[in-house]
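Take a look at the structure set out below.
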Amino acid sequence: MRNLRLDICYDGTRYRGWQRLPGREDTIQGKIERALSRILGEGVEISGSGRTDAGVHARGQVANFHCESPMAAEEILEKLRRYLPEDIGIYSCKEVSPRFHARLNAREKTYLYRIWQSQDPCVFERRYVTVLEGPLDLAAMEQAAAHLTGRHDFSAFCGNAKMKKSTVRYLRAIDFEQTDREIRIRFTGNGFLYNMVRILVGTLVEVGRGERTADSIPGLFGARQEQAGFLAPPQGLCLEEVIY
């Protein structure tokens with residue numbers, strides 16, 4: 001049984017997210033699996049590095065799948081690019097070790113969240129940014145981010161209230177970049193809970209608006225989800241990179 005790795009990008013605007021859903025055809029995983037099954041003439045299931053929500057994008061998603069077909073990886077790549085819609089792209093397809101698993105072997109992920117702060121219309125960026133009116137105190141947001149980095153119980157930042165597994169994660173870095181029109185926030189860590197990045201963004205925005213203080217952040221670790229910030233919209237979020 002061969003094991004192949006796919007490096008993937010997609011515009012998540014019209015999809016219900018990464019994960020395959022019964023009876024639906026509008027998921028990234030489902031689209032790729034159907035294309036591969038058609039190409040290879042056998043049932044194929046792919047494992048992604050993580051699940052992105054409905055409307056979330058990816059520049060650096062990684063997945064792997066097993067198959068019996070002897071078709072060359074280069075030919076699989078060429079046919080995938082032909083059969084997949086234009087908003088799902090495959091950078092590469094290559095054979096990897098039988099032990100490689102896109103999710104279990106991932107050491108670190110980086111997500112980017114883009115906040116549009118300009119009064120200018122964002123006609124050409126509207127699918128990839130979240131428009132938030134009013135100024136944000138970037139210095140206060142950076143102070144809050146300093147409390148968030150490190151190993152903590154991020155239960156308050158998990159959208160799954162019934163989560164039974166550990167909610168402890170290590171957030172290595174939160175980096176800010178400000179341009180004339182945007183605030184960009186990058187989150188790098190060893191793993192992320194359901195909705196975690198979007199709730200982190202919502203919490204940081206509330207600090208930036210003066211609705212909560214940076215020093216209140218440590219009190220959220222191990223707390224209930226309703227104590228953290230709002231769930232930021234999905235379109236501003238993009239999975240940038242997965243490190244192995």
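Only this structure's heavy atoms are used, side chains among them; waters, hydrogens and symmetry mates stay out. Remember, predicted model here, so these are calculated numbers, not experimental data.
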Over all heavy atoms of both residues, which pair between Ala145 and Phe176 is shortest? Give the atoms and the distance, please.
CB-CE1, 3.6 Å
Using 4.0 Å as the upper bound for N to carboxylate O, is an ion pair formed by Glu68 and Arg2?
no
Take atom CG of Asp120 as the centre, draw a 6.0 Å sphere, and report whether it contains more than 12 heavy atoms from other residues, nucleotides or ligands.
yes
Please walk me through it: do Val56 and Leu239 pass side chain to side chain contact (heavy atoms under 4.5 Å, CB included)?
CA-CA 8 Å; Val56 173; Leu239 172 59; 5.8 Å; no
Can you tell me which residue pairs pass the ring pair (Phe, Tyr, Trp, His ring centres under 6.0 Å) test with a partner in residues 184-226, sequence neighbours excluded?
Tyr111-Phe192, His152-Phe221, Phe154-Phe221
Audit row: Met141, Ile185, side chain to side chain contact (heavy atoms under 4.5 Å, CB included) steps and yes/no
CA-CA 10 Å; Met141 294 170 71; Ile185 313 174; 4.1 Å; yes
Apply side chain to side chain contact (heavy atoms under 4.5 Å, CB included) to the pair Thr188 and Lys109, showing each step before the final yes or no.
CA-CA 6 Å; Thr188 300; Lys109 297 175 187 175; over 6 Å; no
Please name the pair of heavy atoms, one in Asn195 and one in Gly159, separated by the smallest distance, quoted to 0.1 Å.
OD1-CA, 3.7 Å
same_hphob_cluster(Phe157, Leu112) at 4.5 Å side-chain heavy-atom cutoff:
no
What closest approach, in Å, do Thr167 and Ser155 show between heavy atoms, and which atom pair accounts for it?
OG1-CB, 3.6 Å
Residues 72-91 vs salt bridge (charged side-chain N to carboxylate O under 4.0 Å, His left out), sequence neighbours excluded, gives Arg14-Asp87, Glu75-Lys79, Glu78-Arg82
Would you say Thr52 and Gln61 are linked by a side-chain donor-acceptor pair, where the criterion is simply a distance under 3.5 Å?
no
Pairs meeting criterion salt bridge (charged side-chain N to carboxylate O under 4.0 Å, His left out) with involvement of residues 127-140, two or more places apart
Asp11-Arg127
With sequence neighbours excluded, residues passing side-chain hydrogen bond (donor to acceptor under 3.5 Å, both in side chains) with Ser216
none
Is Val197 linked to Val242 within one hydrophobic cluster, defined over Ile, Leu, Val, Met, Phe, Trp and Tyr using a side-chain heavy-atom separation of less than 4.5 Å?
yes
Taken in chain and number order and not counting sequence neighbours, the residues that satisfy side-chain contact (heavy atoms from CB on, under 4.5 Å) with Asn3 are Asn64, His66, Val96, Phe100
In terms of heavy-atom contacts, Gly202 and Ala232 come closest through N-CB, 4.2 Å
Value rounded to 0.5 Å, distance of CE in Met1 from SG in Cys67
8.0 Å
Which pairs, with at least one residue in residues 36-63 and sequence neighbours excluded, count as a salt bridge (charged side-chain N to carboxylate O under 4.0 Å, His left out)?
Asp53-Arg198
For the atom pair CD (Gln117) and CG (Leu132), what is the distance rounded to the nearest 0.5 Å?
6.5 Å
Do the side chains of Ile183 and Tyr128 join up, straight or via other hydrophobic residues, at under 4.5 Å, putting them in one cluster?
no
Apart from Leu77 itself, residues in the same hydrophobic cluster as defined by side-chain heavy atoms under 4.5 Å
Leu4, Leu6, Ile8, Tyr10, Tyr15, Trp18, Ile28, Ile32, Leu36, Ile39, Leu40, Val44, Ile46, Phe65, Met71, Ile76, Leu80, Tyr83, Leu84, Ile88, Ile90
Could you report the tightest heavy-atom contact between Ala63 and Ala102, atom names first, then the distance?
CA-CB, 3.7 Å
Derivation of the side chain to side chain contact (heavy atoms under 4.5 Å, CB included) call for Asp215 and Ile217
CA-CA 5 Å; Asp215 290 340; Ile217 297 299; over 6 Å; no
Heavy-atom distance under 4.5 Å between the side chains of Pro121 and Trp116, does that happen here?
no
So, for Gln19 and Thr27, which heavy atoms are closest and what is the spacing to 0.1 Å?
O-CG2, 3.1 Å
Sort and list the pairs that fulfil side chain to side chain donor-acceptor pair (under 3.5 Å) and have at least one residue in residues 199-210, not counting sequence neighbours.
Glu206-Arg212
So side chain to side chain donor-acceptor pair (under 3.5 Å) across residues 231-244, not counting sequence neighbours, yields Arg186-Glu240
Arg16: what forms a side-chain hydrogen bond (donor to acceptor under 3.5 Å, both in side chains) with it, not counting sequence neighbours?
none
Shared ILVMFWY cluster between Phe230 and Leu204, side chains joined below 4.5 angstrom?
yes
Residues which pass side-chain hydrogen bond (donor to acceptor under 3.5 Å, both in side chains) with Arg20, listed by chain and number, not counting sequence neighbours
Glu33
Spell out, yes or no, whether Val129 and Leu237 are grouped together once hydrophobic residues are joined by side-chain heavy atoms under 4.5 Å, including indirect joins.
no
Please list, chain by chain and in numerical order, all residues satisfying side-chain hydrogen bond (donor to acceptor under 3.5 Å, both in side chains) with Gln227, sequence neighbours excluded.
none
Backbone N or O of Gln178 within a donor-acceptor pair of the Arg181 side chain at under 3.5 Å?
no
Is the shortest heavy-atom distance from the side chain of Ile115 to the side chain of Glu182 under 4.5 Å?
no
